[in-house]
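These numbers were taken from a predicted model, which means no experiment stands behind them.
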Amino acid sequence: AEAKAEGAGVDRAAAREGRVLLIHKYPWEAGKEEIEQRMAVYGEVDNVRLVEAQDTGRPRCFGFVTYTTREAAEAAFAGLAADEVTIVDRRGVL
């Protein structure tokens with residue numbers, strides 16, 4: 001069974017393995033499919049979770065991308081601007 005971090009919906013095992021990225025500053029109109037396509041240029045995406053405001057359901061312009069491999073996550077991290085992406089690990093956001 002997958003272990004999920006409370007609230008964030010992040011796979012803790014994947015985070016410990018360095019496969020999860022926190023993405024931010026993406027356009028609010030971008031959907032899950034668009035984000036997945038953009039991030040897939042770096043490697044196979046396992047999951048995309050975009051965070052929405054609880055009261056309005058509108059995007060909060062940040063979310064999490066889980067890759068199938070650490071190498072893909074590292075490639076995305078290297079390929080994107082530092083203000084767009086952060087690696088998540090077992091200690092939290094780096």
(Q) Once salt bridge (Lys or Arg N to Asp or Glu O under 4.0 Å) is applied, what residue pairs with a partner in residues 59-73 remain, sequence neighbours excluded? (A) Arg70-Glu74
Q) Is the shortest heavy-atom distance from the side chain of Ile35 to the side chain of Tyr26 under 4.5 Å? A) yes
Q. Around Glu29, counting heavy atoms of other residues, nucleotides and ligands shown, do more than 12 lie under 6.0 Å from its CD?
A. yes
Q: Mind listing the closest non-hydrogen atom pair of Cys61 and Pro27 along with its distance?
A: SG-C, 4.4 Å
Q. Roughly how far apart are Arg16 CZ and Asp11 CG, rounded to 0.5 Å?
A. 8.0 Å
Q: Indicate the atoms forming the closest heavy-atom contact of Thr56 with Ala53, along with that distance.
A: OG1-CB, 3.4 Å
Q) Shortest non-hydrogen contact from Ala76 to Leu21? A) CB-CD1, 3.5 Å
Q: Kindly give the heavy-atom pair with the smallest separation between Gly18 and Ala73, and that separation in Å.
A: O-CB, 3.3 Å
Q) So Val51 and Phe64, side-chain contact (heavy atoms from CB on, under 4.5 Å) or not? Walk me through it. A) CA-CA 8 Å; Val51 178; Phe64 300 90; 4.2 Å; yes
Q. Between Val20 and Ala15, which heavy-atom pair has the shortest distance, and what is it?
A. CG2-N, 3.6 Å
(Q) Donor-acceptor pair, distance only, cut-off 3.5 Å: does the side chain of Tyr67 make one with the backbone of Met39? (A) yes
Q) Could you walk me through whether Leu22 and Phe62 pass the side-chain contact (heavy atoms from CB on, under 4.5 Å) check? A) CA-CA 7 Å; Leu22 168 65; Phe62 77 95; 3.8 Å; yes
Q: Please step through side-chain contact (heavy atoms from CB on, under 4.5 Å) for the pair Val65 and Val45, ending with a clear verdict.
A: CA-CA 7 Å; Val65 176; Val45 173; 4.0 Å; yes
Q. What is the minimum heavy-atom distance between Ala14 and Thr66, and which atoms define it?
A. CB-CG2, 3.7 Å
Q. Any sub-3.5 Å donor-acceptor pair from Arg19's side-chain atoms to Thr69's backbone N or O?
A. no
Q | From CA spacing to verdict: side-chain contact (heavy atoms from CB on, under 4.5 Å), Arg38, Leu80 | A | CA-CA 11 Å; Arg38 179 174 183 214; Leu80 294 166; 3.4 Å; yes
